[in-house]
Amino acid sequence: MKSRFIKLSKIALFLVCFVFFMPISCDMNGVDLIRMFNRMEMTENKILLLLVFVASIVSILISIAFIKKEEEESILLDWSLLITSILGGVLSIGRMNREYFRLQSGAYTIIAGWILSLLFLICASLSREKHVPKNNNSFSKDTEHSSLSEENVQSNVWVCTKCGATNPVGSVLCQNCGH
């Protein structure tokens with residue numbers, strides 16, 4: 001369930017990246033706004049607006065890299081990149097003069113993408129994946145997360161295949177690495 005929520009969070013961030021090229025304010029998309037801020041020598045706004053796009057793209061690319069390696073990615077990295085993207089957008093909106101910059105549908109869709117990504121990351125952080133053996137026998141040798149030998153079964157421990165730590169048979173997750 002946790003990995004599903006993380007993937008949904010990435011889909012919401014993809015929405016943020018896609019909508020960055022739609023009208024955000026003054027009939028300009030994110031790239032046009034960055035160019036305008038560059039011409040106006042408003043470097044802070046340019047950097048903050050770039051953070052919205054770059055942090056979202058980096059989060060998606062890191063997920064793709066982890067999928068190719070078939071490893072589990074760190075949710076802390078997802079949190080930091082999402083917060084960076086949100087802070088970049090909120091601070092850039094806060095710095096804009098309300099008389100000249102009216103938000104358009106693209107800006108509201110980006111905000112919706114942030115909210116969805118935030119909700120999915122909260123759900124991923126709160127969910128705990130339980131690694132239940134396939135035949136509900138705690139002494140099963142078929143689990144992908146533990147290594148049980150006959151001597152380990154007799155001593156009531158199992159060995160985590162990720163970190164190699166021994167754990168009591170009654171525990172579902174590795175006490176050392178949480179796998």
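Numbers here are sequence positions counted from 1.
Although no hydrogens or angles enter the test, the distance criterion places a donor-acceptor pair under 3.5 Å between the side chain of Asn167 and the main chain of Ala165. One N or O on the side chain of Lys10 and one on the backbone of Ser59 form a donor-acceptor pair closer than 3.5 Å. Of the possible donor and acceptor atoms, one in the side chain of Ser80 sits under 3.5 Å from a partner among the backbone N and O of Leu77.
Among pairs with a residue in residues 111-126, none fulfils salt bridge (charged side-chain N to carboxylate O under 4.0 Å, His left out), at least two apart in sequence or across chains. Sorted pairs that involve residues 75-96 and meet ring-ring contact (aromatic ring centres under 6.0 Å, His included), not counting sequence neighbours, are lacking altogether.
When all heavy atoms are compared, the tightest approach of Ile60 to Cys17 is CD1-SG, 4.1 Å. Among all heavy-atom pairs drawn from Val16 and Ser56, the shortest one is CG1-OG, 3.7 Å.
The hydrophobic side chain of Ile47 is isolated, with no ILVMFWY side chain under 4.5 Å apart from it.
In this structure, CZ on Phe37 lies 11.0 Å from OG1 on Thr43, to the nearest 0.5 angstrom. Interatomic distance, Lys46 NZ to Arg39 CZ, rounded to the nearest 0.5 Å: 11.5 Å. In this structure, the separation between CG on Leu13 and CD1 on Ile110 is 11.0 Å, given to the nearest 0.5 Å. How far CG of Leu50 is from CD1 of Ile34: 3.5 Å, rounded to the nearest 0.5 Å. Remark: Arg102 CZ to Gln104 CD distance equals 11.0 Å, nearest 0.5 Å. From Ser25, atom OG reaches atom CE of Met36 across 7.0 Å, with rounding to the nearest 0.5 Å.
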Between Ile75 and Ser125, is a side chain to side chain contact (heavy atoms under 4.5 Å, CB included) present by the stated rule, with each step listed?
CA-CA 7 Å; Ile75 198 163; Ser125 297; 3.5 Å; yes
Would Leu81 and Ile62 count as a side chain to side chain contact (heavy atoms under 4.5 Å, CB included) if you check the C-alpha gap in whole Å, the side-chain angles of each, and the deciding distance to 0.1 Å?
CA-CA 11 Å; Leu81 288 169; Ile62 287 173; 4.1 Å; yes
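Checked against side-chain contact (heavy atoms from CB on, under 4.5 Å), Leu48 has the following partners two or more places apart in sequence or in another chain: Leu51, Leu91, Ser92, Arg95. For the side-chain contact (heavy atoms from CB on, under 4.5 Å) test, residues two or more places apart in sequence or in another chain that qualify with Val31 are Phe20, Phe21, Asn29, Arg35. Qualifying side-chain contact (heavy atoms from CB on, under 4.5 Å) partners for Cys26, counting only residues two or more places apart in sequence or in other chains: Met28, Phe101. The side-chain hydrogen bond (donor to acceptor under 3.5 Å, both in side chains) search around Asn176 returns none, not counting sequence neighbours.
Taking 4.5 Å as the limit, every side-chain heavy atom of Pro23 sits out of range of all side-chain heavy atoms of Ser105. Between Ile11 and Leu15, every side-chain heavy-atom pair lies at or beyond the 4.5 Å cut-off.
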Please table the atom pairs, donor to acceptor, closer than 3.5 Å between any side-chain atom in residues 113-122 and protein atoms at least two apart or in another chain.
residue: Trp114; atom: NE1; partner: Ser85; partner atom: OG; Å: 3.1
residue: Ser117; atom: OG; partner: Ser9; partner atom: O; Å: 3.4
residue: Ser117; atom: OG; partner: Ser9; partner atom: OG; Å: 2.7

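In this structure, Leu76 is not a member of the same hydrophobic cluster as Ile83, with clusters built from ILVMFWY side-chain heavy atoms closer than 4.5 Å.
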